[in-house]
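Have a look at the structure below, then the notes.
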Protein chains: 2
Amino acid sequence: MLADLRRPERTFTIRQLCNEFKATPRALRFYEDKGLLTPAREGLNRVYSHKDRVRLQLILRGKRVGLSLSEIRELLDLYDENDDGAAQMARSLKKFRERANALEQQREDIDGALIELREACARLERRLSEIRPDLLPRAADYDQVLRARLDGHGDVALGK
Amino acid sequence: MLADLRRPERTFTIRQLCNEFKATPRALRFYEDKGLLTPAREGLNRVYSHKDRVRLQLILRGKRVGLSLSEIRELLDLYDENDDGAAQMARSLKKFRERANALEQQREDIDGALIELREACARLERRLSEIRPDLLPRAADYDQVLRARLDGHGDVALGK
DNA sequence: GGGTTAGTTGACGTTTACGTAAACGTTGAC
DNA sequence: GTCAACGTTTACGTAAACGTCAACTAACCC
C-alpha cells in the first residue's frame, strides 16, 4: 500500500490516535491545552501530523514511567528548541535518572509498608486463629489478585 | 514518677500529640472533622485521652501503609461498634491483605517503569557517548540519591 | 427536514489531605 | 498594659489529570 503509516504526509484524526493509543479525546485536548501538542487545524478540526503522533507517543511513555505532564513538556520543548540535539539528550538522561531514583525510593517505601502490613496481618491471624478460627479468610484474596491484574495497571502512581 | 504516660487518666493536648507523632494541629482537627477522632473538650480546648492517642497511632499506621482516611475510619468504627472484637479483626485482616496485594501490584508497575527507564537511559547514554561524550553526567546522580533519601519517604504514595 | 456520527469549545466537578490565612479568645510573662 | 504563645472556628486554596455535562457545528445519508 502506498498509504503507509510511516509516510510523513499521512495525517490522523483525534479519534484515530485515541484508538491507537487508547487515550480519550479529552486527554489529547488537555495535552494541547497544556502545550504538549499543537496539531494543525482544518477548519475547526484538529489534524495530527506524523510528528504529533511521535510526540504523543513520548507523552504517553513519559506518563507510564511516572513523569508529570509539566516535566514531559519540558523535555518535549527541548526537542523543539534545540539545534544539535545533544544537550537535550543530556537533560533527558538526567531527568530519567532522577525518575529512576525516585521510583527506587518509592519501591523501598512500599517494601517498608509491606513489612508493616505483613506484621499486622500475622498478628491478626494468630489472634483470630486462637479465638475464632472460623472467621479466618482464605481463598478470597486470590480473587482480589486476579481482579487487580485485570484492572488498572501499567502506569505508575505518582508519588508526592 | 506517678504521672506515667501509660496511666489511663493521663490526658494530652493537641500540641503534645503533634510533637510526639510529628503531625500538625491542622491534621488532628481534620481527622476529627472526618470522624476519626473525637477528643473531649475542656471549654473549647480539645483534651485527648489515652484511647484517643491509641486511635491516632492507628490512624498514622494506616496512613503509612497507604490506606485512605475513609478506609481507616471504617476500620476504627469497627473497633468501637463491635462487641467481641473478632469480626472486626477479620475485616481488618481482609483490608490489610487487599492493601498488600495492591502494593505488590504497584511494585510491579514500578518495576516495569524502571525497565523502560533503564532502556531509555541506555539508549541515550550510547548515543551521547558517540556524539558528545563530554555531556554525559556522572557523579551528579549520587547527589540526587542522597537528597532523595533525606527527603520525603516513609509513607507510601497512594495509587489511583 | 430528520437523524447519526464525529468534531468543537467552555466550564464546572472530582478526589485527597491537609495548608493557609482571617479573626478571635485565653493565659502567663514581663 | 501589652506582647507572645497557644488555642479556637470558618472557609477558601491547592495539585493532577482529566471526566462529564452542555450547547453548538459541520458533514453525510435518506
Side-chain angles (χ1 to χ4, degrees), chain A residues 11-48 52 56 58-74 76 99 102 106 109 152 154-160, chain B residues 11-48 52 56 58-74 76 99 102 106 109 152 154-160:
Chain A
T11 64
F12 308 85
T13 76
I14 195 171
R15 184 68 50 176
Q16 284 170 333
L17 288 186
C18 286
N19 289 339
E20 182 173 359
F21 297 112
K22 293 180 169 243
T24 68
R26 181 70 183 94
L28 297 211
R29 296 188 198 110
F30 184 74
Y31 299 153
E32 185 175 343
D33 226 50
K34 295 288 163 178
L36 298 174
L37 285 173
T38 41
R41 294 301 179 108
E42 211 167 62
L44 281 182
N45 290 13
R46 289 165 174 81
V47 178
Y48 294 88
D52 291 323
L56 179 55
L58 292 175
I59 293 170
L60 296 177
R61 176 171 299 173
K63 286 207 53 183
R64 255 171 308 178
V65 303
L67 293 177
S68 74
L69 290 187
S70 64
E71 287 174 312
I72 294 170
R73 192 165 69 88
E74 289 172 23
L76 287 175
R99 236 301 102 174
Q106 271 192 47
D109 291 349
D155 289 13
V156 171
L158 284 103
K160 204 171 202 186
Chain B
T11 65
F12 309 84
T13 77
I14 196 170
R15 184 66 54 173
Q16 284 170 333
L17 288 186
C18 287
N19 289 339
E20 182 174 358
F21 297 112
K22 293 180 168 241
T24 68
R26 180 72 183 91
L28 296 212
R29 295 189 197 110
F30 184 73
Y31 299 153
E32 186 175 342
D33 226 50
K34 295 288 164 179
L36 299 175
L37 286 175
T38 42
R41 295 301 179 108
E42 210 168 65
L44 280 182
N45 290 14
R46 289 164 174 82
V47 179
Y48 293 88
D52 292 324
L56 179 55
L58 291 175
I59 293 169
L60 297 176
R61 176 172 300 172
K63 287 206 52 181
R64 256 170 306 174
V65 302
L67 293 177
S68 73
L69 290 187
S70 63
E71 287 174 312
I72 294 170
R73 192 165 69 87
E74 290 172 24
L76 287 177
R99 236 301 103 174
Q106 270 192 46
D109 291 348
D155 288 13
V156 170
L158 282 103
K160 204 168 199 188

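None of the values given here were measured: they were computed from a predicted structure. Protein chains get the first letters and strands the later ones, always in sequence-line order, with residue 1 at the start of each.
Not one side-chain nitrogen or oxygen of Lys34(A) sits closer than 4.0 Å to the OP1 or OP2 atom of dA15(D). Of the side-chain N and O atoms in Tyr31(B), none sit less than 4.0 angstrom from OP1 or OP2 of dA17(C). In this model, the phosphate group of dT9(D) is approached by a side-chain N or O of Arg46(B) to a distance below 4.0 Å at OP1 or OP2. At dT20(C), none of the side-chain N or O atoms of Arg26(B) fall inside 4.0 Å of OP1 or OP2 (strictly under the cut-off). Contact annotation: Thr13(A) side-chain N/O to dG7(C) OP1/OP2 distance is under 4.0 Å.
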- request: Could you go through the side-chain contact (heavy atoms from CB on, under 4.5 Å) check for Ile72(A) and Tyr31(A) one step at a time?
  value: CA-CA 10 Å; Ile72(A) 294 170; Tyr31(A) 299 153; over 6 Å; no
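Within 4.0 Å of Arg29(A), counting heavy atoms only, lies at least one base atom of the nucleic acid. Residue contacts for Thr24(B): at a heavy-atom cut-off of 4.0 Å it reaches the sugar-phosphate backbone alone, with no base atom in range.
Rounded to a whole Å, the CZ atom of Arg41(A) is 15 Å from the C1' atom of dA26(D). As rounded to whole Å, 10 Å separates atom C1' of dT9(C) from atom CG of Asp33(A). Summarising the geometry, the separation between CD1 on Ile59(B) and C1' on dT16(C) is reported as 15 Å, rounded to the nearest angstrom. The interatomic distance linking Ile14(A) (CD1) with dT5(C) (P) rounds to 19 Å, in whole Å. The nearest whole Å value for the distance from the CD atom in Gln16(A) to the P atom in dT5(C) is 18 Å. Separating the CZ atom of Phe12(A) from the P atom of dA6(C) is a distance of 19 Å, rounded to the nearest angstrom. As a whole-Å value, the separation of Ile72(B) CD1 from dT16(C) C1' is 12 Å. Atom CD of Glu42(A) is separated from atom P of dA6(C) by 17 Å (rounded to the nearest Å).
Results of the salt bridge (charged side-chain N to carboxylate O under 4.0 Å, His left out) test with Glu32(A) over Arg26(A), Arg41(A), Arg73(A) single out Arg41(A) as the only residue that passes.
Which of dA17(D), dT8(D), dT9(C) sits closest to the side chain of Lys63(A) comes down to dA17(D). Considering only the side chain of Leu44(A), dT8(C) comes nearest among dT8(C), dG7(D), dG19(D). Nearest to the side-chain atoms of Phe30(B) among the listed nucleotides dC18(C), dT9(D), dA17(D) stands dC18(C). Closest approach to the Leu69(B) side chain among dA17(D), dA17(C), dG7(C) is made by dA17(C) (side chain taken as heavy atoms from C-beta onward).
Arg99(A) places no side-chain N or O within donor-acceptor distance of the main-chain N or O of Leu67(A), the cut-off being under 3.5 Å.
When all heavy atoms of Ile14(A) and Leu28(A) are compared, the pair lying nearest together is CG1-CD1, 3.8 Å. The two atoms that bring Val47(A) and Asp52(A) nearest to each other are O-OD2, 4.0 Å, heavy atoms only.
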